[in-house]
Amino acid sequence: VADKHVPHPDRFWEAFPAGNNDPAALARLISSLPDGTTELLTHPAFAEGCRRYLGDKADRRAAELAALCDPAVRQAVNDAGVELVNFRHL
């Protein structure tokens, strides 16, 4: 990717490893991010809006959404000085 000059993050991490949707665990992950750009893999969703398509996965995705919206996670982002960006900013 870098050889072709395609914009990309420095690293790619799963935000909720092993299905751990605990906001405190996500806050710790954010607090430990190294310098550079890290893409965090998430699949948040509203359970009722996607249950028909996702079946059992809908609850996990809803838990991811709840963790991402948790005030402790926002505080960890602020405390760590993390800048939330999209691919246009790479």
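A quick note: this is a predicted structure, and the numbers were derived from the prediction, not measured. In this chain, residues are counted from 1 in sequence order.
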Between Ser31 and Ala76, the two heavy atoms sitting closest are OG-CB, 4.1 Å
Assess whether atom CZ of Arg74 is packed by more than 12 heavy atoms of other residues, nucleotides or ligands within 6.0 Å. no
Notebook entry, point to check: If you count the non-hydrogen atoms of other residues, nucleotides and ligands that lie under 6.0 Å from CG in Asp35, is the total more than 12?
Noted result: no
Interatomic distance, CG@Leu90 vs CG@Asp10, rounded to 0.5 Å, equals 8.5 Å
inquiry  = If hydrophobic clusters are built from ILVMFWY residues whose side chains come within less than 4.5 Å, do Val82 and Phe16 share one?
reply    = yes
Taken to the nearest 0.5 Å, the spacing of Asn21 CG from Arg61 CZ works out to 11.0 Å
In short, salt bridge (Lys or Arg N to Asp or Glu O under 4.0 Å) pairs touching residues 41-50 with sequence neighbours left out are Glu48-Arg51
Problem - side chain to side chain contact (heavy atoms under 4.5 Å, CB included) assessment of Phe12 paired with Leu41 - result: CA-CA 7 Å; Phe12 181 85; Leu41 170 67; 3.8 Å; yes
Distance col, row Glu64:CD vs Leu26:CG, nearest 0.5 angstrom, shows 9.5 Å
More than 12 heavy atoms from other groups under 6.0 Å of CG on Asp56: no
Distance col, row Asn20:CG vs Glu14:CD, nearest 0.5 angstrom, shows 10.0 Å
Rounded to the nearest 0.5 angstrom, the CG-CG distance for Leu29 and Asp22 is 11.5 Å
Where do Glu39 and Arg11 land on the side chain to side chain contact (heavy atoms under 4.5 Å, CB included) test, with the steps shown first?
CA-CA 6 Å; Glu39 179 179 353; Arg11 66 200 61 77; over 6 Å; no
Distance col, row Thr42:OG1 vs Leu65:CG, nearest 0.5 angstrom, shows 9.5 Å
Check: Is there a donor-acceptor pair under 3.5 Å between the side chain of His89 and the backbone N or O of Phe87?
Finding: no
